[in-house]
Amino acid sequence: MNKKIIFIGGGLREHIIICLLPIIHGMCVQKNIEQIIFERELGPRVKSNFYYKKLSKNFKIFYLKNMIEEKKSLFNYFLKIILFIFIFLFSFFLKKEQLLNKKINWILKQFFHAFWDTGIVNNNSSLENIEFKSRVSTCKQITNKFFEFLFLKKFNIRSAIIGHSVYSERVIFALLRKNQIETFLFQKGVLTKQIKNKDRGFKYLDTDILKKGYRLVSKKKINNYWKNALRGKVNYLEAKIASKIKKKDKRNLKNINVVMLHIFKDSAFEDIDENRLFPNYFTWIVETLKIIKDSKEIWILRNHPSANKWGEDQKKIIKKIFKKVFDEKIPKNIYYEENVRSNIDQYKISKRIVTFSGNSHLEAACFGIKPIVISDTTLSNLRKSAVFKPFNLKQYKKILLNGSKRKFELSERDKDFSKRIIYFMHNVINLTHLFGKIHLWRSDPKYMQKIVLKNAEKGIKKNSKFLFDLGTKSGKVFNQSISKNYFYKFL
């Protein structure tokens with residue numbers, strides 16, 4: 001195959017592929033692409049879609065896993081075994097601390113992170129180390145991704161759209177960029193062009209779009225959206241869930257400090273920040289507890305609002321962490337809370353908000369609280385002065401234990417800037433509003449798959465021209481997707 005090819009993979013689900021079909025078409029036209037390779041064979045629902053039929057008439061379509069199967073050979077079989085043995089043996093040298101080793105080159109660091117968070121999600125129970133069974137299955141997954149890329153490398157891949165930048169998919173995500181292949185990440189409704197040595201995950205906002213948007217998006221429009229957000233009417237799913245939690249706590253609390261928990265088994269590595277203070281969520285919580293036990297203030301560990309949808313029992317996890325750190329003597333100033341108030345009510349009574357890298361940092365900033373973050377976030381990338389991002393344990397300890405409420409207050413200018421960022425993240429670069437519900441949780445019943453497929457089909461039927469136009473401009477005019485309401489205004 002010497003013809004120009006686009007690769008579509010990285011764990012994209014079928015309903016997301018349907019959403020992307022017109023964009024793929026637009027990209028193919030813009031880049032003179034002649035053939036498309038999908039990661040795996042698509043189901044009848046996709047193949048019967050009107051837009052897929054349109055693509056198949058104009059471009060030759062292949063499926064990577066079928067191609068590999070057709071090329072089965074003794075050589076490939078032994079190559080995979082050798083790859084697996086090498087990765088498996090090498091994995092024993094990878095310790096959690098190595099994730100923060102700045103002496104490791106970029107590509108090796110990408111592989112380390114891919115191995116670590118795949119191992120944690122495959123674990124039966126541990127959040128600290130990789131269990132043996134998990135190590136074996138993780139090395140198999142990493143091996144398969146390496147082998148898939150080695151197979152892909154034989155062809156003239158010019159562009160790629162990837163659905164995940166984490167877990168074993170990071171192997172493909174990294175190797176595409178290392179080999180100078182134009183790579184786009186489609187995550188949480190946002191399509192973003194990648195650069196080689198720096199990740200651009202769903203927390204990234206293109207500064208050119210932000211600057212250009214100043215004349216297109218008025219402060220009044222932003223403030224109106226924020227007023228709706230305070231009533232739970234937002235275009236970001238997890239924020240919507242958190243805002244609708246009914247208040248169950250009747251205590252009159254004020255100036256409390258909150259650690260916003262993440263999903264422990266979810267990846268912390270959408271964007272790999274080599275300057276972060278802790279390697280992962282678990283270590284962060286353990287070390288934070290060791291510090292705040294000496295605080296004279298009230299501290300709350302707030303349950304992640306989507307933990308149940310992820311199938312994660314955070315109460316059980318925190319109980320184990322408390323036992324590890326405190327044994328049986330839990331300090332009286334530290335509490336774990338499980339959905340006793342909405343995020344909005346939480347910010348109203350908080351002094352400090354601590355998050356590893358969650359979107360809660362932006363929400364807190366909109367309420368005038370200067371958030372404490374561990375890893376790179378949207379706001380730390382765009383306005384460093386609006387966040388606390390400690391560079392060592394001593395500084396982190398000082399921020400957590402010292403300072404009046406005033407120290408953690410943001411100016412009106414910073415609050416307005418944060419509201420603008422939220423507006424852009426939810427309304428300017430996000431495409432989910434075109435499709436309705438397309439997000440699937442791990443705990444969702446099977447019938448939800450039919451619903452999201454139907455929503456995707458309806459979405460491209462109504463918006464196929466816009467999505468095609470977006471594809472023709474992606475990577476050429478814009479490095480990030482722009483919603484239908486703003487796309488033509490930005491041209």
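Values below: all heavy atoms of this structure, side chains included; hydrogens, waters and symmetry mates excluded.
You'll find the side chain of F391 stays beyond 4.5 Å of the side chain of N275, heavy atoms only. Inter-residue side-chain proximity for S474 and L191 is flagged as met; some heavy-atom pair is nearer than 4.5 Å. The shortest distance between side-chain heavy atoms of R158 and I33 falls below 4.5 Å. Between K397 and L393, the closest side-chain pair of non-hydrogen atoms is not below 4.5 Å. Put simply, the side chain of T283 reaches to within 4.5 Å of the side chain of K96, judged on heavy atoms. Between N156 and K3, every side-chain heavy-atom pair lies at or beyond the 4.5 Å cut-off. The side-chain heavy atoms of V259 and I300, taken from C-beta on, include no pair separated by under 4.5 Å. You'll find the side chain of F356 stays beyond 4.5 Å of the side chain of V373, heavy atoms only.
Y396 and W284 share a donor-acceptor pair across their side chains, judged by distance under 3.5 Å alone. Side-chain atoms of N381 and Y204 include no donor-acceptor pair closer than 3.5 Å. Donor-acceptor pairing under 3.5 Å is recorded for the side chains of D117 and S267. In the model, Q194 has no side-chain atom that pairs as donor or acceptor with a side-chain atom of T183 under 3.5 Å. Between the side chains of S91 and R135, at least one donor N or O sits under 3.5 Å from an acceptor N or O. At a cut-off of 3.5 Å, with distance as the only test, a side-chain donor of R170 or Q110 sits close to an acceptor on the other residue. Checking H361 against T378 by side-chain atom types alone, no donor-acceptor pair falls below 3.5 Å. A donor-acceptor pair shorter than 3.5 Å cannot be found between the side chains of T472 and D469. With 3.5 Å as the limit, one finds a donor-acceptor pair spanning the side chains of K484 and N463. Using a 3.5 Å distance cut-off with no hydrogens or angles, the side chains of T143 and K80 do not pair a donor with an acceptor. Side-chain contact, S134 with S137: no donor N or O sits under 3.5 Å from an acceptor N or O.
Ion pairing of K109 with E274 is present here, as a side-chain N (NZ or NE/NH1/NH2) and a carboxylate O approach within less than 4.0 Å. Ion pairing of K384 with D376 is absent here, as no side-chain N (NZ or NE/NH1/NH2) approaches a carboxylate O to less than 4.0 Å. A salt bridge links K389 with D273; the closest basic N to acidic carboxylate O contact falls under 4.0 Å. Salt bridge status for E169 with K145: present, with a side-chain N to carboxylate O gap under 4.0 Å.
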Evaluation steps, side chain to side chain contact (heavy atoms under 4.5 Å, CB included), between I5 and I36: CA-CA 6 Å; I5 301 169; I36 303 168; over 6 Å; no
F184 vs E182, side chain to side chain contact (heavy atoms under 4.5 Å, CB included): CA-CA, chis, key distance, verdict: CA-CA 7 Å; F184 294 82; E182 183 185 47; 3.5 Å; yes
Stepwise side chain to side chain contact (heavy atoms under 4.5 Å, CB included) check, L261 with I318: CA-CA 10 Å; L261 296 178; I318 292 300; 3.9 Å; yes
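Residues A307 and I263 share a closest heavy-atom pair of CA-CD1, 3.4 Å. What you find for K53 and S48 is that their closest heavy atoms are CE-O, 3.5 Å. Looking at every heavy atom in both residues, I37 comes nearest to L152 through CD1-CD2, 4.2 Å. A pairwise comparison of heavy atoms in W116 and I130 identifies O-CD1, 3.7 Å as the closest pair. What you find for A114 and V171 is that their closest heavy atoms are CB-CG2, 4.0 Å.
In this structure, the ring of H164 has its center no less than 6.0 angstrom from the ring center of F173. Residues F90 and F112 place their aromatic rings such that the two centres sit under 6.0 Å apart. A ring-centre distance under 6.0 Å is not found for F278 and F282. No close placement of the F38 and F62 rings is indicated, their centers lying 6.0 Å or farther apart. Between H304 and W310, the distance separating the two ring centers is not shorter than 6.0 angstrom.
Exactly one residue among E131, Q141, K140, K133 makes a side chain to side chain donor-acceptor pair (under 3.5 Å) with N122. That residue is Q141. For the side chain to side chain donor-acceptor pair (under 3.5 Å) test with T355, the passing option among E363, H262, R302 is H262; the others fail.
Screening residues 445-459 for salt bridge (charged side-chain N to carboxylate O under 4.0 Å, His left out), with sequence neighbours left out, gives R45-E457. Contacts classified as ring pair (Phe, Tyr, Trp, His ring centres under 6.0 Å) and involving residues 442-462 (residues at least two apart or in different chains) are not found. Applying the salt bridge (charged side-chain N to carboxylate O under 4.0 Å, His left out) test to residues at least two apart or on different chains, none of the pairs has a partner in residues 5-28.
Within a 6.0 Å radius of CZ in F50, more than 12 heavy atoms belonging to other residues, nucleotides or ligands are found. Residue F92 qualifies as enclosed at atom CZ: its count of foreign heavy atoms under 6.0 Å is above 12. Surrounding NZ of K47 are more than 12 heavy atoms belonging to other residues, nucleotides or ligands, all under 6.0 Å away.
For H15, the side chain to side chain donor-acceptor pair (under 3.5 Å) test picks out no residue, with sequence neighbours left out. The ring-ring contact (aromatic ring centres under 6.0 Å, His included) check on F326 picks up F322, with sequence neighbours excluded. Considering only residues two or more places apart in sequence or on other chains, Q480 meets the side chain to side chain donor-acceptor pair (under 3.5 Å) condition with T192.
I374 contributes atom CD1, which lies 9.5 Å from atom OG of S357 (distance to the nearest 0.5 angstrom).
By the 6.0 Å and 45° rule, K473 does not stack over the aromatic ring of F478.
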